[in-house]
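The block underneath contains the structure these notes are about, expressed in structure tokens.
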Amino acid sequence: MPELPDVEVFKRYLDATALHKSIQKVEVEDNRVLRDLTVQKLKRRLRGQKIHHSRRHGKYLLANLVEREWLVLHFGMSGRLKYFKAEYSWPQHSRILLTFSNGFHLAYVSQRMLGEVGIFSGDLDDFIEEKELGLDAGEIGWDQFKERFKSRRGSIKSALMNQQIMAGLGNIYTDEVLFQACVHPKTSVPDLDTKQLKSLFEKMNAVLTTAVDCQADPEKMPDSYLLPHRDKGGRCPRSHGELDRIKINSRTTFFCSACQRQP
DNA sequence: CGTGGCTCCTGGCGGC
DNA sequence: TGCCGCCAGGAGCCAC
């Protein structure tokens, strides 16, 4: 699930629940989510600290611990956060559990463990540089968007999903943006005219804003969106034709061949 | 440089 | 009912 809107919702959730509370206990239920980081180091860096504020960049959420030190959360395909009180209500697939001084817990939940929990030392800009991330999709301006995409040769879907060009869009929201802009996902970037590129930029902003407003919940999204219709029998809300389903870069891609014309 | 395939993982679902 | 293969909203790596 976690693309930019989902992670933004996680950020707001974290901000509303876990700030300014002393971390008393750190439990690692499965150390595979730590990758190269040792359990010992994670505990040493977290215990006794507080999360002062958080930042999101693309699909990453960074929780600030001390000056130039962050707890890094990446959610892979199935990650989320859960703040709760009672011990017996631990969510299934909790991999990391923090216990605060008020007795509440914050769980990093990840069924498939494709995400990562880490510690980063440095400024946010250093992190972005190390991960080679492009500008955040929610903050990029039109001139930068145009600049970054016009030098690309591949398909627009691949480009929009490329975190080095721009960070935040994943498979689902890329399909949504292409659908809203009526652009076929296989269109090669150089074949797009400025008007189409501008439309993609504007629709991207609208989609991201709407998705965050809907708490990234497909059921709350407008019926005119692709999201609520992908997967369940799948009919285009505009043409009412059956949605097409293809693979691009081995990712399932939904689109409407009536609205999004073959390049 | 871009694309497609494979890999890391777990678990739900449809088909037989 | 049970088992199996397929698939899933991420992303790094490698061969072509």
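Below, read A as the first sequence line, B as the second, and so on, with proteins coming before strands; counting in each chain starts at 1. Below, each value reflects all heavy atoms present in this structure, side chains not excepted, and no hydrogens, waters or symmetry copies.
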I need the single residue from A:T187, A:N162, A:D175 that forms a side-chain hydrogen bond (donor to acceptor under 3.5 Å, both in side chains) with A:K157. Which is it?
A:D175

Taken to the nearest whole Å, NE2/A:H229 to P/C:dG9 is 18 Å

Strictly under 6.0 Å, is that where the ring centroids of A:Y83 and A:Y13 end up?
no

Counting only Watson-Crick or G-U wobble pairs whose two distances fall under 3.5 Å, which nucleotide matches B:dC9?
none

A:R32 side chain: which of B:dT3, C:dG9, B:dC9 is closest?
B:dC9

Linking I/L/V/M/F/W/Y whenever any side-chain heavy atoms sit under 4.5 Å apart, do A:L73 and A:L97 land together?
no

Output yes when at least one side-chain N/O atom of A:H93 is less than 4.0 Å from OP1 or OP2 of B:dC9, else no.
no

Which nucleotide in the list B:dG2, B:dT10, B:dC6 gets nearest to the side chain of A:R152?
B:dG2

A:H74 and ring-ring contact (aromatic ring centres under 6.0 Å, His included): which single residue from A:F10, A:F120, A:Y60 fits?
A:Y60

Could you tell me whether A:S78 contacts a base, only the sugar-phosphate backbone, or nothing, with contacts defined as non-hydrogen atoms closer than 4.0 Å?
nothing

Measure the distance from CG on A:N171 to P on B:dT3 and round it to the nearest whole Å.
15 Å

Give the nucleotide from the list B:dC1, B:dT3, B:dC6 with an atom nearest to the side chain of A:R153.
B:dC1

What is the nucleic acid contact for A:D6, judged by heavy atoms within less than 4.0 Å: base, sugar-phosphate only, or nothing?
base

Should A:K131 be listed as having a side-chain N or O under 4.0 Å from OP1 or OP2 of C:dA11?
no

Measure from the side-chain heavy atoms of A:K247 and tell me the nearest of C:dA8, C:dG9, C:dA11.
C:dA8

Does the ring center of A:H53 lie less than 6.0 Å from the ring center of A:W70?
yes

Salt bridge or not for A:D193 and A:K195, using N-O below 4.0 Å?
no

Could you pick out which residue, A:S151 or A:D30, lies toward the 5' side of DNA chain B when each is mapped onto its nearest nucleotide?
A:S151

So A:Q111, base contact, sugar-phosphate only, or nothing? Heavy-atom distance under 4.0 Å.
base

Would you mind reading off the distance between A:M77 atom CE and B:dG12 atom P, rounded to a whole angstrom?
15 Å

What integer number of Å spans the P atoms of C:dT1 and B:dT10?
27 Å

Touch check for A:R245, heavy atoms < 4.0 angstrom, all strands: base, sugar-phosphate only, or nothing?
sugar-phosphate

Pair assignment for C:dG9, Watson-Crick or G-U wobble, requiring both distances under 3.5 Å:
none

What nucleotide, of B:dT10, C:dA11, C:dG9, holds the atom closest to the side chain of A:E3?
C:dG9

Within the structure shown, what part of the strands sits under 4.0 Å from A:S110 by heavy-atom distance: base, sugar-phosphate, or nothing?
nothing

Selected nucleotide, minimal atom distance to A:N249 side chain, candidates B:dG4, C:dA11, C:dA8:
B:dG4

Which one, C:dA8, B:dC9, B:dG5, comes nearest to the side chain of A:T252?
C:dA8

Please pick, from B:dT10, B:dG5, B:dT3, the nucleotide with the shortest atom-to-atom distance to any side-chain atom of A:S250.
B:dG5

